[in-house]
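Scope of the values below: all heavy atoms of this structure, side chains included, with no hydrogens, waters or symmetry mates.
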Amino acid sequence: MLKHCGEFHIALKHLQLSLLYTYPSTFSELQVKFQIAHLYEVQNKHKAAKDGYEFLLNEKNISLELKADVYRQLGWMYHCVECLGEKKEREANALNFLQKSIEAEPKSGQSLYLLGRCYAGINKVHDAFLAYRNSVEKSEGNADTWCSIGVLYQQQNQPTDALQAYICAVQLDKDHKAAWTNLGILYESCGQLRDAYACYLNATKQISFQKSSLLRRKQAIRMKKDTIGLSKGLSQRITFLEGQLSQAPLPSITSKRRTLCSIEEAWNLPISLEMNSRQQQTAQMLPRQNTKQSPIQGPPPPYPHSQLSQSPIPAKRIKEDGSGQPDLMQNNIQTSSQHQNLINISETLSQRNFNTMPESNKISEQSVLDTFDDISNDIYKHNETIKLERLSQDALSNNLNEDSRHNKYNGGSTSDLSTTFKIQMDSKQLMAAVKLLPIDEPPVHCTILQVNAPPPSPPDCPPQKLTRDQLLPPTPSVHLENKKNAFSPQLQEFCLKHPIAVVRGLAGALKLDLGLFSTKTLVEANPDHSVEVRTQVHQSPDENWDTSQGKRVWACISHRSHTTIAKYAQYQASSFQDSLKLILPQDESDKGFPGSQAMSDSDSKDSVSNSNIVLKRKKHKINSKMLRFGTNVDLSDERKWKPQLTELQKLPAFARVISAANMLSHVGHVILGMNTVQLYMKVPGSRTPGHQENNNFCSININIGPGDCEWFAVPDAYWGGVHNLCEKNNISYLHGSWWPVLEDLYKENIPVYRFIQKPGDLVWVNAGCVHWVQSVGWCNNIAWNVGPLTARQYSLAIERYEWNKVQAFKSIVPMVHLSWNLARNIKVSDTKLFELIKMCLLQTLKNVLHIQEYVKSKGVEIRFNGRGKNEASHYCGQCEVEVFNVLFIKEQEKRHVVHCLSCALKLSPSLQGIVCLEEYRLSELQRVYDSFTLHRTQGLAYTQ
């Protein structure tokens with residue numbers, strides 16, 4: 001009780017005295033010691049608290065329940081408290097301890113919730129969501145969890161799903177001010193001011209209620225200023241909205257359609273009604289300890305993506321993202337879920353444009369910003385008292401479950417940047433800082449990730465155990481009826497939400513002339529055009545046999561050669577004619593082979609049924625027939641393929657080969673097959689082995705026909721599991737050629753999408769999705785890559801760029817060169833995308849300056865070379881890493897081969913006989929670096 005009231009010193013004294021008595025007690029000796037350790041924690045005596053918790057873990061007689069509580073407290077301390085070590089090490093310890101807590105007490109919704117918070121803090125959105133959903137399954141009545149789920153959805157630009165989660169939170173706890181406030185921010189970002197106004201009013205009422213309640217406590221005097229500050233900030237916002245609404249016209253039937261349903265409508269959404277009924281059921285079933293709860297059927301897990309102002313999404317949605325729902329999960333996991341969400345107020349509203357307000361009602365922008373800065377600074381103290389207010393006697397007598405839930409989450413936000421180099425620096429400050437770096441040793445290889453960030457590595461698969469049905473998920477698909485559907489912003493949004501998506505009927509809707517890509521037309525246009533040929537073994541799509549050993553394997557062997565379009569067309573035609581001659585009655589066991597698959601495929605469910613997944617074939621039926629697959633036919637030459645390339649201009653902007661909103665259009669030179677079109681000519685059984693796209697860019701694939709193709713795909717969250725299976729089968733994930741054994745994937749809890757691509761269908765492969773493809777019939781396909789201007793796409797691209805370096809694999813997208821071009825060409829309003837690109841500019845400019853200082857110290861002259869128009873990016877001739885701006889070339893070499901600094905030093909440790917060339921003048925790089933700033937969107941679309 002004393003601890004509950006904040007009398008920590010007296011509480012500690014009584015708890016220590018209780019250890020001296022041997023009389024029967026409500027708490028065991030170990031539970032008392034746990035209470036003492038927790039007292040140290042809430043008083044910021046973290047070292048003493050940590051020692052106390054670790055002492056308990058060494059006790060042999062500790063119960064599983066208490067062990068779970070100790071692990072939970074330790075895990076959250078490591079996540080929050082900076083003095084416990086470096087951030088990376090602390091996060092690893094936090095995850096480890098929280099997972100141990102869950103192992104000790106699998107039904108602990110609180111541990112799962114905190115695990116989700118930790119995952120969110122390191123930007124593992126998918127893992128965070130799974131942990132939150134598991135937490136909801138264990139403790140449905142947890143408003144904090146639903147509020148955090150809402151924030152996660154809001155971060156991923158999924159406003160409807162965020163709305164549902166916030167509504168669940170406020171229905172579970174009508175006094176949850178964080179949920180009300182974030183709901184208000186969500187509505188305001190969508191231009192629905194009346195609904196935002198109502199939510200802010202509700203949040204203010206809860207603060208007022210808590211304030212009056214707190215004033216009756218001993219901490220009231222100390223906390224009064226903090227609570228008033230929070231209330232004042234929302235009051236200012238409410239006053240601003242009142243001014244806006246007083247000038248707004250009344251809603252009419254001609255008003256612009258709302259993005260979200262109103263508060264009243266949302267309250268009666270099916271998910272909300274379900275929550276209400278489930279609450280009542282849960283209350284009635286509490287006495288039945290063995291009753292099993294079923295999970296809430298909420299919205300699907302958020303698939304990370306974000307939009308930029310250059311994207312064709314409507315302005316209202318752009319501004320929502322551009323206004324920057326901040327990196328709340330990553331940078332501000334501090335006190336409690338309420339603290340986490342209230343930080344959102346300060347950072348989001350500080351970016352609003354207040355100039356649209358009439359002069360008579362105008363509040364100064366600075367006063368609003370100052371107010372919310374005060375809120376941000378005072379949040380910690382405010383939440384400490386709120387936590388004390390919400391504690392109850394039941395919590396104290398129940399192994400401190402509530403204490404652990406409302407303990408002092410006091411880890412301040414930490415930056416991944418060192419104190420020396422920050423993206424806030426201008427180029428002059430950066431140059432001055434570089435001059436302080438030592439030049440007695442050569443600069444190490446440049447990384448474009450965060451300063452001092454470790455190199456990327458394959459991620460662990462999500463821990464959630466999947467059912468058989470979940471291992472065979474239905475493939476997201478949409479059928480287009482007309483051109484309007486194809487150009488709707490919802491189509492791009494749909495594609496970006498899912499790991500892979502099928503757009504049915506695209507050719508028909510856009511009236512694409514697929515005949516331009518038919519074999520007949522190709523032969524007529526350019527019969528002598530080169531075709532790369534892969535000779536492969538003809539096999540069933542879900543099998544991969546080693547014919548010499550008679551067993552299933554992952555290695556997918558093919559042999560490369562070259563021919564012409566005319567010659568391959570002759571082979572394709574003769575293959576078809578031969579098949580007609582061989583049509584004979586077949587055994588039932590042979591049905592379903594590539595040329596005559598018996599599986600059905602519909603728009604409602606693209607996945608193949610379970611019965612088609614595991615096909616037990618006898619070894620003697622292994623087919624050793626060889627086939628030839630015509631691949632990588634280059635269609636980049638506009639003089640040769642003008643009709644074909646012109647036809648593709650009919651596609652919506654986000655799917656075009658060249659578009660301002662496509663990162664790959666800013667590279668400035670051709671990357672064959674990525675920012676140009678490639679064609680594939682197939683006979684039944686032609687295989688594209690398993691892979692992720694180069695540098696994790698998205699890809700577009702259209703089936704020309706006349707036959708079908710069968711696709712297999714694994715969500716990007718599971719690519720680490722596929723990588724591990726490749727290693728297990730002694731195949732290089734990046735360098736090798738592999739065709740997964742489906743049963744191996746299912747055993748490792750890895751889901752697989754499986755579907756048929758028909759003629760005229762477009763397949764969108766999202767960033768990082770692992771996929772492999774086999775033709776069912778005779779067909780041609782066209783494909784290319786696109787790079788949506790989103791933080792997720794850019795982040796995955798640079799992570800793979802850095803991992804490729806570790807794996808000695810060439811990144812064919814020069815991410816450094818691309819990043820500098822993006823900084824020159826576009827304005828970025830997405831905060832996260834801006835920070836990532838700016839970090840790349842910082843790291844590379846720092847590296848360029850450092851290398852030049854080092855080279856000068858060796859007495860080597862740096863000669864300006866410049867860059868030619870459309871000149872390709874440079875790679876080291878030895879290690880194949882991208883070389884930016886400072887090129888090293890060996891003198892008197894007939895063939896000028898570019899080297900990086902490391903490889904140049906291997907050739908000549910003193911750099912004698914090495915020519916150093918500069919592509920850009922430093923003044924130009926400084927200008928680009930300083931000019932690249934976050935673009936602020938102009939106000940909100942205040943339309944009801």
Residue pair V855 / K858, side-chain heavy-atom distance below 4.5 Å: no
Any chance the side chains of Y733 and Q692 put a donor and an acceptor closer than 3.5 Å? yes
Proximity of F864 and Y920 rings by center, below 6.0 Å: no
Within a strict 4.5 Å, meaning less than it, do heavy atoms of the C698 and N785 side chains meet? no
How long is the gap from CG on D830 to OH on Y794, to the nearest 0.5 Å? 12.5 Å
Sort and list the pairs that fulfil salt bridge (charged side-chain N to carboxylate O under 4.0 Å, His left out) and have at least one residue in residues 427-439, not counting sequence neighbours. K435-E853
Does the pair D460/K124 count as a salt bridge with the N-to-O cut at 4.0 Å? no
Separation between CG of L822 and CE of M663, rounded to the nearest 0.5 Å: 6.5 Å
Checking the side chain of Q807 only, and the main-chain atoms of L734 only, is there a donor and an acceptor separated by less than 3.5 Å? no
Any residue meeting salt bridge (Lys or Arg N to Asp or Glu O under 4.0 Å) with E86, in chain and number order, not counting sequence neighbours: none
Between I448 and F884, is there a side-chain heavy-atom distance shorter than 4.5 Å? no
Restricting to non-hydrogen atoms, name the atom on A128 and the atom on G116 that form the minimum distance, rounded to 0.1 Å. CB-O, 3.3 Å
Would a 4.5 Å heavy-atom cut-off, applied to side chains only, mark Q926 and M431 as touching? yes
Could you give the distance from CG (L115) to CH2 (W76), rounded to the nearest 0.5 Å? 10.0 Å
Inspect the contact between E693 and R800 and indicate whether a charged nitrogen and a carboxylate oxygen are less than 4.0 angstrom apart. no
Do H666 and W820 have ring centroids that are under 6.0 Å from one another? no
Answer yes or no: is there a side-chain heavy-atom contact under 4.5 Å between V860 and F888? no
Any side-chain heavy atom of L152 within less than 4.5 Å of one from Y132? yes
Using the rule given for side-chain hydrogen bond (donor to acceptor under 3.5 Å, both in side chains), can you reason through Q450 versus Q843, listing the C-alpha separation, both sets of side-chain angles and the distance that settles it, and then say yes or no? CA-CA 8 Å; Q450 298 284 353; Q843 293 279 49; over 6 Å; no
Lys/Arg-Asp/Glu bridge criterion (N-O < 4.0 Å) met for E835, K832: no
Step through it carefully: locate the ring centre of H735, locate the ring centre of F809, and say whether they are under 6.0 Å apart. yes
With side chains defined as the heavy atoms from C-beta onward, is the minimum distance between D716 and R792 less than 4.5 Å? yes
Quick check: closest heavy atoms across K497 and N766, and the distance to 0.1 Å? N-ND2, 4.3 Å
Tell me, please, which residues at least two apart from S873 pass side-chain hydrogen bond (donor to acceptor under 3.5 Å, both in side chains). H669
Would you call R824 and F932 a side-chain contact if the rule is heavy atoms closer than 4.5 Å? no
Check: F129 ring centre within less than 6.0 Å of Y119 ring centre: no
Go through the side-chain N and O atoms of Q424 and Q429 and say whether any donor and acceptor fall under 3.5 Å apart. no
With sequence neighbours left out, write down each residue that passes side-chain contact (heavy atoms from CB on, under 4.5 Å) with N695, or none if nothing qualifies. F697, Y801, N804, S811, V813, M815
Test of ring centre spacing under 6.0 Å for W784 and W764: no
Check salt bridge (Lys or Arg N to Asp or Glu O under 4.0 Å) between R867 and all other residues, then give those that pass, not counting sequence neighbours. E919
Less than 6.0 angstrom from the centroid, inside 45 degrees of the normal: does K838 satisfy that with respect to the ring of Y929? yes
Per the salt bridge (charged side-chain N to carboxylate O under 4.0 Å, His left out) rule, what does the pair list look like for residues 440-459, sequence neighbours excluded? none
Atom OG1 in T676, atom CD1 in I658: separation rounded to 0.5 Å? 9.5 Å
